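Positions are given from 1, in the same order as the sequence printed here. Hydrogens, waters and symmetry mates play no part in the numbers below; they use all other heavy atoms, side chains included. Everything quoted here is computed from the prediction, not taken from an experiment.
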Amino acid sequence: MKTFSLFIVIVLALLTTDIHAQSPVRNVLYTFTRNEIMACGEHHIIQHQLNRYRFAFLVKDTVTEKHTLIFNGKRIPLYGDWGYTLWSMGYLNVNEPDGYIIMDSDEKGYYVNRRGQKEGPYEWARWEEDYDSSNPDMIYHYVLAGRVYDNINGRVRKSQGIFVMMSSGDESDTRYISVNGKLDQVSGYGRLIVRGNHYAYINNKGILYFNGRMIYTVSNIKGAAINKKGDYAYYYNMEQQIPARYYIGKNGVKLNEEAYLGINDLYLTEDGEVAYAYRKGNCWSVHIPGVEESTGYDYVENFIYLESGNYAYTYRKDGKYYVRIKGQTTDKGPYDNRCRDLRINEKGQFIYGYQLNELNHNFFVKINNSEYGPFDYVTNIKLSEEGCYSFSFEKASKCYTNNNGTITQVDDGSYIDIDSDDGNHSFYSDYTYDYVVIDGQRVGHSPAIKGWYDKDKHAFVWNSIEGNELVAYEYKLD
């Protein structure tokens, strides 16, 4: 009987050891050549493009300084000498054969490599502003013979719209603005404002251009606004005056003879009226066309005025902070700290963040009549014209995004924390440790740079860099 009991104990011990000593299946995805390193550092491999054994990342030769795109094992040489990142190169989809549309340059000019076929060379090329790298219908702009053209998913047309096309990159610091295919020149880094077929450009030296023409009547311009009719307004201060004196001008004519001590934000209606916040003495006021002037504030900021007539701003009075929004019966507040990232749309919807107390870091987000929080920190507050909202927040040392009510934890790249769909298994990897942890057990000899749960295989899958190899591991679960 004792012999049988001992046998059972040994068998159970062996089974337990086998479970915990289970080895994951290892596959080599890529072997780095001599002098080759990951271009952006190991844990900055393009994680959102790693999908099972399909992958895309950049490597750099430490001797020649040249970059190469590795796309599902295929080497695609890059010839430019600018700072490559996968997030700015263009379209990448590792689940498609030749699923890439990327931009590059050499001594002959700029190219676009569309699934292995080159387009170009061009004098200059750039992607559409705020392009979506997950959308294969890519738009890029390019220059030939001093004119700008648009390439829309392989179809070419004379360029439409107004945007900054390129800069000279030399001491002149010239910017070239594409105006429906023609190039206007302006000087210096600055801000472009477009309304209809008109534009204004303010550079970092306080010089204003309107439709390509420099406005010589004033200098030291701090802000500007235009409308679709072709009116332009601006505010500026007189140099060498202490305290500074601010004036507002429209179409070259000064509007206020008595100087203001401060101006925050300026808007111009389609009727040619101006809206702005200003300071006289120690008092701040808000001027809105057709609305009785609001005054008596200690300070005003975040002033917004839209074409529909909707407006909003934050103000401080008697040491407390408030938010005024058109259409709301009462002002929001009082708050102990200033409000941040106030946004409104043409429908009258709004969003903003505020901090309840500086000592305990209680942050909240107000969305119309709903409120989210408390959080340890809030940033990236956005609101679309359709009413969709998003913001990022931190809570208990973890980062999240709230995208229209859907909350997602954000991986900061230093750790990976995953659970199986049934909740019975866990995977954790911290980049500072040379192993991963599965169900509380140490596994392997390297950290993960990307990891996920494979539902079909009921397995944890992760990628690691080991020596000169990029590898994939599969760990099947019970």
Next on the checklist: Show, in sequence, the C-alpha distance, side-chain angles and deciding distance for R442 and D434, and conclude whether the salt bridge (Lys or Arg N to Asp or Glu O under 4.0 Å) test is met.
Outcome noted: CA-CA 10 Å; R442 176 174 176 155; D434 61 355; 3.7 Å; yes
Item to check | Check against side-chain contact (heavy atoms from CB on, under 4.5 Å), Y142 and V156 | outcome: CA-CA 10 Å; Y142 65 89; V156 176; 3.2 Å; yes
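Side chain of D98 to main chain of G116: no donor-acceptor pair is present (N/O by atom type, distance under 3.5 Å, no hydrogens or angles). No side-chain donor-acceptor contact under 3.5 Å links D298 to the backbone of Y315. In terms of modelled atom types and a separation under 3.5 Å, the side chain of E394 and the main chain of Y377 share no donor-acceptor contact. Side chain of N345 to main chain of S384: a donor-acceptor pair is present (N/O by atom type, distance under 3.5 Å, no hydrogens or angles). Y473 places no side-chain N or O within 3.5 Å of a backbone atom of S464 that could act as its donor or acceptor partner.
Residues F375 and F363 keep their aromatic ring centres 6.0 Å or farther apart. Note: Y267 and F303 meet the aromatic proximity criterion, with ring centroids under 6.0 Å apart.
Under a cut-off of 6.0 angstrom, the local environment of CZ in R157 is crowded, with over 12 non-hydrogen atoms contributed by other residues, nucleotides or ligands. No more than 12 heavy atoms of other residues, nucleotides or ligands sit less than 6.0 Å from atom NZ of K108. The environment of NZ in K66 is crowded: more than 12 heavy-atom neighbours from other residues, nucleotides or ligands sit within 6.0 Å.
Just one residue in the list K320, K317, R324, R316 forms a salt bridge (charged side-chain N to carboxylate O under 4.0 Å, His left out) with D331, and that residue is R324.
For the atom pair L69 CG and L92 CG, the distance stands at 6.0 Å (nearest 0.5 Å). Taken from NZ in K450 to OG in S429, the straight-line distance is 12.5 Å, to the nearest 0.5 Å.
Contact check on R175 versus D173 returns a salt bridge, with a Lys/Arg side-chain nitrogen under 4.0 Å from an Asp/Glu carboxylate oxygen.
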